[in-house]
Protein chains: 2
Amino acid sequence: MSKTLLPPKRSRLEDVARQAGVSAQTVSRVLRKPGLVAEATRQRVQSVIDRLGYLPDLVASNLATSSTRMVAAIIPSLASSVFADTMQALSATLATNGYQLLIGDSNYSPEHEDELVQAMLGRRPDAIVLTGTSRSKKVRALLARAGVPVVETWNLTANPIDLCVGFSNHAAGFDIARYIFRRGYRRVAFIGRLRNDPRSEDRLRGFREGLRGHGMSSVRVIEVGDPASPEVGAAGIDELLRRYPDADAVFFGSDRLAIGGLLACVRRGIAVPERLAIVGFGDFEISSLTMPSLTTIAVPTWEIGSITGELVLARLAGREIPERIVDLGYRFIQRESA
Amino acid sequence: MSKTLLPPKRSRLEDVARQAGVSAQTVSRVLRKPGLVAEATRQRVQSVIDRLGYLPDLVASNLATSSTRMVAAIIPSLASSVFADTMQALSATLATNGYQLLIGDSNYSPEHEDELVQAMLGRRPDAIVLTGTSRSKKVRALLARAGVPVVETWNLTANPIDLCVGFSNHAAGFDIARYIFRRGYRRVAFIGRLRNDPRSEDRLRGFREGLRGHGMSSVRVIEVGDPASPEVGAAGIDELLRRYPDADAVFFGSDRLAIGGLLACVRRGIAVPERLAIVGFGDFEISSLTMPSLTTIAVPTWEIGSITGELVLARLAGREIPERIVDLGYRFIQRESA
DNA sequence: TTGAAAGCGGTACCAC
DNA sequence: GTGGTACCGCTTTCAA
């Protein structure tokens with residue numbers, strides 16, 4: 001029952017032109033700069049356009065103008081709500097100027113990320129947005145030479161390829177360490193992903209440094225794999241209690257894990273924070289609603305997307321960019337779990 | 001400090017050709033059908049390609065071949081985890097054959113969806129994936145004439161434009177009504193979004209019909225607006241208890257709302273399911289972890305994406321499609337909340 | 001096995 | 001205001 005797809009030969013600029021008795025040039029003007037066309041002509045052409053249901057071929061237009069009005073974005077995972085928020089904000093901001101998003105999902109794999117960047121570059125996007133900083137020398141060189149704005153997001157770098165919008169994961173980890181110390185916890189753990197997640201790694205590094213500053217040298221680390229789901233967080237709690245039954249506080253690399261860990265504690269009757277304090281990262285939408293509610297770090301997911309979009313638009317419009325590195329900060333949110 | 005972007009004049013096929021002492025055609029062949037080129041020539045050309053860091057311009061290639069290897073997808077919201085899962089599966093499936101995803105976010109607005117479809121069509125995608133069924137006559141006609149595969153997902157229709165992959169929201173609502181009736185609940189409510197969310201509407205319609213079949217004619221309906229967050233679900237519970245204090249069971253249009261409602265009950269000391277039973281929709285990842293855990297409907301989010309991807313690939317490869325409508329069904333998951 | 005020429009469907013530039 | 005013409009960078013067709 002599959003229908004035969006003989007090309008329905010869509011109409012072109014020239015078809016419209018012929019039927020309207022004008023040149024292709026004029027039709028093009030009607031579409032792009034109607035002001036330059038006599039009103040009578042304009043109407044005649046427009047009516048043919050409507051009748052034929054003519055849709056300009058942007059591929060051809062892109063080739064001629066060497067601008068695609070597409071922005072390529074590469075993210076570790078589409079199915080992660082935090083990045084999805086950023087992408088939605090980015091998409092909304094870009095849409096106000098007719099730019100569209102080409103999204104590539106690297107699935108947290110660096111090699112795949114490299115391939116993706118190449119594939120994307122071939123499509124000649126007007127700008128490129130990366131999540132995190134690309135670590136491959138080759139790709140960085142490629143991007144630098146691409147001649148389009150490049151925004152690295154989510155993680156601040158001292159040496160961005162071009163632009164950078166985000167916050168310091170390291171500083172956030174550091175702050176959490178200080179908070180945990182002040183609250184009197186001394187046998188501290190970290191549960192989170194490390195391999196292939198540089199942002200999470202940075203948090204742990206900052207956390208470690210913060211603790212060391214208070215004379216606490218050891219962190220009980222439990223590394224979890226993909227995906228960082230609540231189930232995995234719950235399993236992390238079990239492993240923690242088995243391997244380090246003395247732990248009195250745990251910092252989860254993300255709220256997604258932390259919520260799972262928190263709910264596991266509730267189920268198992270482990271008092272939070274009395275027996276075990278929990279701190280998350282990311283302030284997910286249910287983190288304020290659980291009982292106990294989750295102490296965590298709120299991250300400007302939406303703003304990263306919208307500011308990135310604005311920077312891209314500014315660049316593309318030839319406007320001056322005051323700061324190449326935009327630190328949006330984060331907020332520590334003290335709730336009940338720690 | 002904005003750097004000057006004088007076009008770094010990327011190298012073209014012809015540049016490579018000249019430097020390798022061959023014609024542009026030969027370079028093109030090296031890239032696309034290396035088998036047709038003498039090995040010595042191939043190596044010489046390849047080394048020039050590497051040295052120049054030549055990347056083929058896909059825009060030009062697309063124009064020449066009239067195929068973009070892009071699939072356009074239009075979804076109500078990027079920031080919704082369910083659609084994000086579907087998109088990730090779709091993206092992964094398409095990526096195996098070098099297709100890329102152009103994602104547009106309609107923000108749950110039908111008018112915006114229409115515009116998006118038009119904008120997308122101009123980019124000449126090789127296929128189009130819609131979430132839900134487009135209701136605008138004009139757009140349906142446009143899509144039907146576009147000459148590319150169109151897959152409507154998430155909601156089954158009797159009359160798809162082309163292909164359709166999903167499940168019946170109506171049937172799911174119907175089943176939930178029966179379950180609720182059998183468990184002995186008689187003063188039933190619905191909390192969810194309706195305007196601009198045809199899928200949720202369908203669930204309520206099925207729910208209503210199911211109840212009517214058991215002689216229960218009235219449903220206490222509380223409509224919520226954007227976004228359907230857990231906070232909104234919690235507020236919904238408060239409104240429900242105020243307006244319909246007699247309600248003994250509530251069906252939430254989505255787990256995102258239901259989780260919020262459930263946690264609100266826990267906080268307020270309302271016994272679930274004894275005082276108020278709760279049924280959700282969508283089986284989110286934490287729905288099995290709350291206490292009580294959430295009774296809900298599991299929806300094949302991932303499969304919708306992967307099957308859609310396979311159908312698209314089949315169509316584009318000219319393979320026969322056995323069924324134009326693919327019903328992936330859903331699973332009722334009984335847990336503790338109802 | 002390789003190359004020359006004619007598109008693909010628009011837009012830029014320059015006359016009229 | 002409007003039209004002619006030369007591209008944009010690649011692929012396809014056909015000859016050599």
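Here is how names work: the chains are called A, B, and so on, in the same order as the sequence lines, proteins then strands, and each is numbered from 1.
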- request: Could you tell me whether the phosphate oxygens of dG1(D), OP1 or OP2, come under 4.0 Å of any side-chain nitrogen or oxygen in Thr41(A)?
  value: no
Interatomic distance, Leu31(B) CG vs dT11(D) C1' [rounded to whole Å]: 12 Å
- prompt: Please give, in whole Å, the distance from dG9(C) P to Asn62(B) CG?
  reply: 13 Å
- request: Check the distance between dT11(C)'s C1' and Asp57(A)'s CG and give it to me in whole angstrom.
  value: 13 Å
field: Side-chain heavy-atom pair Ser66(A), Arg124(A) within 4.5 angstrom cut-off
entry: no
field: Polar side-chain contact Arg29(A)-dG3(D) base: donor and acceptor under 3.5 Å
entry: yes
Validation row: Leu316(A), Tyr99(A) side chains within 4.5 angstrom (heavy atoms): yes
Atom pair distance, as rounded to whole Å: CD in Gln25(A) and P in dC7(D): 16 Å
query: Do any side-chain nitrogens or oxygens of Ser28(A) fall under 4.0 Å of OP1 or OP2 in dT11(C)?
result: yes
- request: Would you indicate what Val22(B) reaches in the nucleic acid, counting non-hydrogen atoms under 4.0 angstrom: base, sugar-phosphate, or nothing?
  value: sugar-phosphate
task: May I have the distance from Leu58(A) (atom CG) to dG9(C) (atom P), rounded to whole angstrom?
output: 14 Å
query: What is the distance, rounded to the nearest whole Å, between atom NZ of Lys33(B) and atom C1' of dT1(C)?
result: 14 Å
- request: Measure from the side chain of Ala60(B), starting at C-beta and using heavy atoms only, and say which of dT12(D), dC10(D), dG10(C) lies closest.
  value: dC10(D)
- prompt: Within less than 4.0 Å of OP1 or OP2 of dG3(C), is there a side-chain N or O belonging to Thr26(B)?
  reply: yes
- prompt: Is the distance from OP1 or OP2 of dG10(C) to the nearest side-chain N or O of Ser61(A) less than 4.0 Å?
  reply: no
- request: With the side chain counted from C-beta on, respond yes when Leu163(B) and Glu152(B) share a heavy-atom pair under 4.5 Å apart, and no when they do not.
  value: no
query: With no hydrogens and no angle check, do the side chains of Asp50(A) and Gln46(A) hold a donor and an acceptor under 3.5 Å apart?
result: yes
message: With a cut-off of less than 4.0 Å, is there a side-chain N or O of Arg32(B) near OP1 or OP2 of dT11(D)?
response: yes
- request: Hey, which sits more toward the 5' end of DNA chain C by its nearest nucleotide, Pro56(A) or Arg42(B)?
  value: Arg42(B)
task: Can you tell me the distance, in whole Å, between the CZ atom of Arg44(B) and the C1' atom of dT2(C)?
output: 11 Å
- line: In whole angstroms, the gap separating P of dT12(D) from CG of Leu63(B) amounts to 12 Å
message: Less than 4.5 Å apart, side chain to side chain, heavy atoms only: is that true for Ile325(A) and Pro160(A)?
response: yes
query: According to a strict under-4.0 Å criterion, is Tyr54(A) in side-chain N/O contact with OP1 or OP2 of dG10(C)?
result: yes
